[in-house]
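Sequence lines set the chain letters: A, B, ... in the order given, protein chains first and strands last, and positions in each chain run from 1.
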Number of protein chains: 2
Amino acid sequence: MRWRDLKDESCSMARTLSVIGDRWTLMILRDCFVGLRRFEQFEASLGITRHVLADRLKKLVDEGVLKKAPYREGPVREEYRLTERGFDLYPVMLSIVQWGDQHMADERGAPVVRRHANCGHIVHGKMICADCGEDLDPRDMSVEIGPGFAPAKENQAR
Amino acid sequence: MRWRDLKDESCSMARTLSVIGDRWTLMILRDCFVGLRRFEQFEASLGITRHVLADRLKKLVDEGVLKKAPYREGPVREEYRLTERGFDLYPVMLSIVQWGDQHMADERGAPVVRRHANCGHIVHGKMICADCGEDLDPRDMSVEIGPGFAPAKENQAR
DNA sequence: CAGATAAGTTCTAAAAAGGAACTTAACAAC
DNA sequence: GTTGTTAAGTTCCTTTTTAGAACTTATCTG
């Protein structure tokens, strides 16, 4: 299967990865969440090639994750800002960062931490079931076909 | 910057992505969470080339996310199973899937759902602050240097 | 008018991925 | 005891993507 065909899979994982599952895309989004907005800021921060950066930014704009906004007249300069759809990726970011803090940090601890304005504590996000409030363990889940399931191809055709 | 250098960045996001930030790796892990374990199962499920699959499985084993276990004597057949480190990626999976359910599904809804054994409900995971219990909003976070921060290169050298 | 800036684009070489066939090692069936 | 099958890879060759560096375009600054 080609990568671009993932968008058409009957799987939200595959569909999401068709948007953000790229080597550099999540790194660009990390920078967006830290407040970077301009082409050259991303370039300097990531050491990505300009070519790939331009391509990924375009894709993120096409997918509605970022939006372009001119910040200067004259020689039009655009900046890239997260849309609501982009902000909704925060749990993805945070869970990735937390896995890294837990499993990839040295004995000194996390390289970067986030402080929560509400409680003043260093943030430890945790995933709970919105219904019962329990911590989620993959071993407690059973997978079922959902309402939007399409049985491989047939239903576009006829 | 080359992709493989991400492991050395002082950022948990970059470090984690050096393990799972590959086009196919998260798709392989999705299959692991659904219970697939063998080379040919992954191949059939993903339509990935055998070459890339072999490479990604090896990397995941090297990183301690999967472990190989022989399931037959004679012609040794190995299967790949999640380690604890692998199971810890569940929040990452779930948050990615939920973004897809929310933003990439058609009007009929999610293609696949998960039921929670504890409460019997369809699972809607949510990220809360482990300290104050509030929902996490990126706009309530401030980023700070953590204990494991390394100021770009110098501290390996001397 | 000579830079400097910002955001790209173009070009070539190197690396990675796709696709199909080949390998290995044991068992099973004829 | 040759033929076939299964599982997990490798090999080989082609097509796509990336890396890296230079070039372009359209202003603003001194």
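C:dA17 atom P lies 7 Å from atom NZ of B:Lys59, rounded to whole Å. Here C:dG19 presents its C1' atom at 11 Å from CD of B:Glu43, a figure rounded to the nearest Å. Put simply, CG on A:Leu53 is 16 Å from C1' on C:dT10, counting in whole angstrom units.
Phosphate contact (OP1/OP2 of C:dG8, side-chain N/O of A:Lys68, threshold under 4.0 Å): present. Under 4.0 angstrom from either OP1 or OP2 of D:dA7 there lies no side-chain N or O belonging to B:Tyr80.
A search for side chain to side chain contact (heavy atoms under 4.5 Å, CB included) contacts involving B:Asp140 returns A:His116, A:Ala117, A:Asn118, B:Asp137, not counting sequence neighbours. Remark: B:Thr16 engages no residue in a side-chain hydrogen bond (donor to acceptor under 3.5 Å, both in side chains) (not counting sequence neighbours).
The hydrophobic cluster of A:Val34 has no other members, since no ILVMFWY side-chain heavy atom comes under 4.5 Å of it.
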Handout entry: Per-nucleotide protein contact string for nucleotides 11-23 of chain D (B base, S sugar-phosphate only, - none; heavy atom under 4.0 Å)
Key = B-----SSBB-B-

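A salt bridge is absent between A:Arg37 and A:Glu78; no separation between the charged side-chain nitrogens and carboxylate oxygens falls under 4.0 Å.
Within residues 34-42 of chain B, no residue places a heavy atom under 4.0 Å from DNA chain C.
Screening residues 4-26 of chain B for ring-ring contact (aromatic ring centres under 6.0 Å, His included), with sequence neighbours left out, gives A:Trp3-B:Trp24. Sorted by first and then second residue, the pairs that involve residues 113-125 of chain A and meet salt bridge (charged side-chain N to carboxylate O under 4.0 Å, His left out), not counting sequence neighbours, are A:Asp101-A:Arg114, A:Arg115-B:Glu144.
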Counting only pairs under 3.5 Å, give me each side-chain donor-acceptor contact of residues 86-96 of chain B, with atom names and distances, residues two or more places apart or in other chains.
{"from": "B:Asp88", "atom 1": "OD2", "to": "A:His103", "atom 2": "NE2", "distance (Å)": "2.7"}
{"from": "B:Ser95", "atom 1": "OG", "to": "A:Ser95", "atom 2": "OG", "distance (Å)": "3.1"}
{"from": "B:Ser95", "atom 1": "OG", "to": "B:Pro91", "atom 2": "O", "distance (Å)": "2.8"}
{"from": "B:Ser95", "atom 1": "OG", "to": "B:Val92", "atom 2": "O", "distance (Å)": "3.0"}

Per-pair distances, 0.1 Å, donor-acceptor, side chain in residues 57-67 of chain B, under 3.5 Å, sequence neighbours excluded:
{"from": "B:Lys58", "atom 1": "NZ", "to": "B:Asp62", "atom 2": "OD2", "distance (Å)": "3.3"}
{"from": "B:Lys59", "atom 1": "NZ", "to": "B:Asp55", "atom 2": "OD2", "distance (Å)": "3.3"}

